[in-house]
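Report on the following structure.
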Amino acid sequence: MEFWGWLILFFAIIAIITFCAVFNVVLWFRALMSGAHVSLAELITITMKKLDARSIVNYYIKAKKAGVKITINQIENHIQAHGNIECVIDALIAAYNAGIDLKLATAIAVDLSGRDINDAVKHCIMPQIIQINNVTAIAKNGIEVSVTVKVTLRVNLQRIIGGALEETIIARISEGIMTIIGNAETHNSILERPDLITKTIMQNKNLAADTAFDILSVDIVEIKVGRNVGAELEIDKAEAVKFISQADAEKRRAEAVAAEQEMRALTQEMRARVVAAESELPRALAGALKQGNISYTDYLKMDNIKSDSLMRQAIGGNASDDMLTPALNPPKKKTKLQ
């Protein structure tokens, strides 16, 4: 009987050890002593779900000790959703200690969206500074102005879900700076009063609307004066007008040259007609002499009158070289010997 008694006791001890090892009774006792009570049923359920019971209990103990309200089921669900429960708990602890009202549902939603909720809480406690470099615009007098600013942002945890990120803030502030510079009459007004940029931007209450941030301040870092774009545009315009005028002048010159060539061709044509007409005169005279319409004496008289007319024109200075040729060099009369 004693043998069977010891054997039963041995198996009982083995069963108790096995039960404690499988269902984490030691972990249950540790949670109980830490003030974060976890029932054995919950531990058995966690083990059956093939989750890391030790990590879950440790996260639960950490949250309870920091005063964060969270349950074992919420931790399990977030882990099963492939979220970073450690980051969520750290963010909740930091927000709780800083007196920031951060809801558990908000922290879980932000974490599941892929954003670092711990980093968001850190920037809510300690605002972040972003620098917007070389926002360039042109004043009304044509001078280019480039501005670099630093923007101090604080995360707004109430608008963090669905709120736009830093890129939207950068775009809106850049647009505001360009508008202010573009409305300035001269670049000197910007250089004299750079605070006009910051005051005008900060007066726009809708600048941070629908974003996850509150804009605390906008500060000018640097202002640079660039090119005289207005003068460059005027120079380009003048060059374009010059090229157009040159093209028009060249067109008119080509038209004039073409007209001159046409007139020369017409002159040559008229001269050819005159020569052709003059070539008919000897034939007409010969025909007249042959038919007896004029006598040889009449021909000589006509020739003398023509020579006399050419001589008079030469003396008067109205004769051309072609006209003077027969007068200055009269044809020699043939003698009987010739």
Side-chain angles (χ1 to χ4, degrees), residues 134-146 178-179 181-190 224-338:
N134 300 325
V135 180
T136 303
I138 301 172
K140 290 183 178 180
N141 63 344
I143 304 298
E144 185 181 68
V145 180
S146 180
M178 288 188 288
T179 302
I181 295 174
N183 290 331
E185 293 295 332
T186 65
H187 67 286
N188 291 324
S189 60
I190 300 296
K224 293 181 181 179
V225 177
R227 303 171 298 146
N228 191 338
V229 179
E232 292 179 1
L233 293 175
E234 290 295 330
I235 291 172
D236 293 340
K237 183 179 179 180
E239 288 288 335
V241 171
K242 183 184 76 172
F243 290 146
I244 293 173
S245 300
Q246 289 177 346
D248 291 339
E250 184 64 23
K251 179 181 178 181
R252 291 193 297 270
R253 187 191 71 81
E255 291 175 350
V257 170
E260 181 184 0
Q261 295 297 326
E262 290 178 359
M263 293 302 296
R264 287 183 178 181
L266 183 60
T267 302
Q268 293 296 329
E269 181 182 355
M270 297 304 293
R271 284 181 179 176
R273 291 180 180 179
V274 170
V275 171
E278 289 177 349
S279 67
E280 295 292 330
L281 183 60
R283 185 182 300 173
L285 289 174
L289 287 172
K290 184 177 181 181
Q291 293 176 3
N293 293 331
I294 61 172
S295 64
Y296 184 70
T297 305
D298 295 332
Y299 172 73
L300 291 178
K301 286 181 180 181
M302 184 181 64
D303 191 48
N304 288 333
I305 292 171
K306 181 179 178 181
S307 299
D308 185 61
S309 299
L310 292 174
M311 184 67 70
R312 290 176 185 274
Q313 290 178 358
I315 293 171
N318 294 327
S320 62
D321 293 340
D322 295 337
M323 297 169 61
L324 291 176
T325 300
L328 298 177
N329 301 306
K332 295 180 180 180
K333 296 182 179 179
K334 293 183 180 181
T335 62
K336 294 181 178 179
L337 296 177
Q338 295 175 340

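Every heavy atom of this structure was used, including side-chain atoms; hydrogens, water molecules and symmetry mates were not. Model, not experiment: these values are computed from the prediction.
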Rounded distance (nearest 0.5 Å) linking atom CD1 of I235 with atom NZ of K242: 11.5 Å

Please lay out, stage by stage, how D248 and R252 fare under the test side-chain contact (heavy atoms from CB on, under 4.5 Å). CA-CA 6 Å; D248 291 339; R252 291 193 297 270; 3.7 Å; yes

For I190 and V145, which heavy atoms make the closest approach, and how far apart are they? CG2-CG1, 4.3 Å

Over all atoms of both residues, closest heavy-atom pair of I181 and V135: CD1-O, 4.4 Å

Of all residues at least two apart in sequence or in a different chain, which pass the side chain to side chain contact (heavy atoms under 4.5 Å, CB included) check with Q268? R271

With sequence neighbours left out, write down each residue that passes side chain to side chain donor-acceptor pair (under 3.5 Å) with E185, or none if nothing qualifies. K140

From N141 CG over to N188 CG, what is the distance, rounded to the nearest 0.5 angstrom? 7.0 Å

Residues which pass side chain to side chain contact (heavy atoms under 4.5 Å, CB included) with E255, listed by chain and number, not counting sequence neighbours: K251

Minimal non-hydrogen separation, T186 against A139, with atom names: C-CB, 3.9 Å

In Å and rounded to the nearest 0.5 Å, what is the CZ to CD distance from R253 to Q246? 12.5 Å

